[in-house]
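Notes to accompany the following structure.
The sequence lines fix the lettering, A, B, ..., with proteins before strands; numbering per chain opens at 1.
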Amino acid sequence: MKIRVEYQEDTENEIIIRYNQMNDEILHILSFLKTQSKKICVYKTKDNLIVLEIQKVLYIEALDEKTFVYTVNDVYQTSLTLYEIEARYSGLGYCRISKSMIVNIHQIHALKNIGESRIEVTMNNQEKVLISRHYAPIFREIIGI
Amino acid sequence: MLNLYNFLIKIKVKAILYTCGILFFIGFTNMVYYQNDSISIWVILEIFLVSFITCTIEQICFKYLKNKKRVIIIWLVLATIIFLSSASIGGWFSPLPTYAYVLLIVFFEIGSLFVYASLDMLLNIDSQQLNKSLQSFQQKYKQ
């Protein structure tokens with residue numbers, strides 16, 4: 001299979017797969033793109049897996065060796081670690097704000113500098129979380145300040 | 001140990017600022033009232049010690065008490081009492097009349113309020129910049 005990457009100014013990012021026959025390799029790539037790009041697999045009980053749209057997640061917290069995914073109305077668990085989530089979704093606006101938390105920047109309502117290099121984040125559901133002084137400069141760089 | 005070190009670093013910087021402020025005030029009043037351009041080394045050391053104690057109380061108050069405005073008022077009252085009583089006991093203004101103590105209070109309160117007001121203003125300006133950048137980030141990289 002040939003892989004070609006082309007740069008084009010002023011166009012939306014697009015992946016085009018050309019094939020003359022659908023095979024396992026193509027299906028595997030399609031499945032990877034669909035499940036990995038903008039979705040995350042979560043659960044409340046392990047026999048009931050849910051595929052959640054990534055933009056619905058407010059923040060993700062690691063506690064007692066478990067990873068919890070918070071949306072506006074619900075809390076789920078995921079088998080991914082914070083490190084894996086950060087690696088997969090950092091390009092989609094996910095940013096580490098402390099040792100145990102990753103936040104979805106697109107679900108942030110407001111920011112407030114509370115001194116001592118820490119930033120208070122108000123999420124869209126009015127919950128407040130803190131960006132620690134270690135991660136505040138990284139967060140500032142991501143949002144372009 | 002690292003936490004203690006960080007704690008002491010913050011106190012040290014502020015203590016020096018307060019010491020310089022008080023020394024400036026004493027020097028200025030000595031010059032104006034007695035044309036005296038010297039301050040005793042013991043007075044300087046006392047001022048630094050009192051400043052250090054006041055800053056320690058300040059750091060503890062701001063760290064453990066929640067309501068910021070109430071903390072500022074409590075700390076200002078405590079600091080005023082500590083500085084006034086130290087100035088009286090240590091005889092920092094011994095050749096000067098009583099109104100010098102009143103001037104010290106006014107000088108101290110106004111100075112402190114300006115410091116906190118300006119710090120607050122800086123934080124607000126930075127918060128505005130943060131929110132502006134956040135909005136442009138969210139517009140640029142819509143999910």
First locate atom CZ of A/Arg140, then atom CG of B/Leu130, and finally report the distance between them rounded to the nearest 0.5 Å.
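So the CZ of A/Arg140 and the CG of B/Leu130 are separated by 4.5 Å.
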
When rounded to the nearest 0.5 angstrom, what distance separates CG in B/Asn131 from CD1 in A/Ile145?
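Reported to 0.5 Å precision, the distance equals 9.0 Å.
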
Hydrophobic cluster membership, [X] vs [Y], 4.5 Å side-chain cutoff:
X       : Y        : result
A/Leu63 : A/Met101 : yes
A/Val42 : A/Tyr83  : no
B/Leu78 : B/Ile47  : yes
B/Ile26 : B/Met31  : no
B/Phe48 : B/Leu8   : yes

Shortest non-hydrogen separation from B/Phe137 to A/Ile143 and the atoms involved
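Nearest heavy atoms, B/Phe137 then A/Ile143: CD1-CA, 4.0 Å.
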
Return the minimal non-hydrogen interatomic distance between B/Ser133 and A/Gly144, and the atom names on each side.
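Reported closest heavy-atom pair: OG-O, 4.1 Å.
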
Heaviest contributor of heavy-atom pairs below 4.5 Å to chain A, chosen from B/Leu134, B/Asp120, B/Leu119, is B/Leu134

Pairwise side-chain contact, B/Leu123 with A/Ile114, heavy-atom cut-off 4.5 Å (strictly under)
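They are not in side-chain contact.
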
Should B/Gln138 and A/Ile108 count as side-chain neighbours, where that means a heavy-atom distance under 4.5 Å?
yes

Heavy-atom contact with chain B under 4.5 Å, split by part of A/Glu116
side chain

Any sub-3.5 Å donor-acceptor pair from A/Asn113's side-chain atoms to B/Asp126's backbone N or O?
no

If you count every heavy atom of other residues, nucleotides or ligands that lies below 6.0 Å from A/Glu141 atom CD, does the total exceed 12?
no

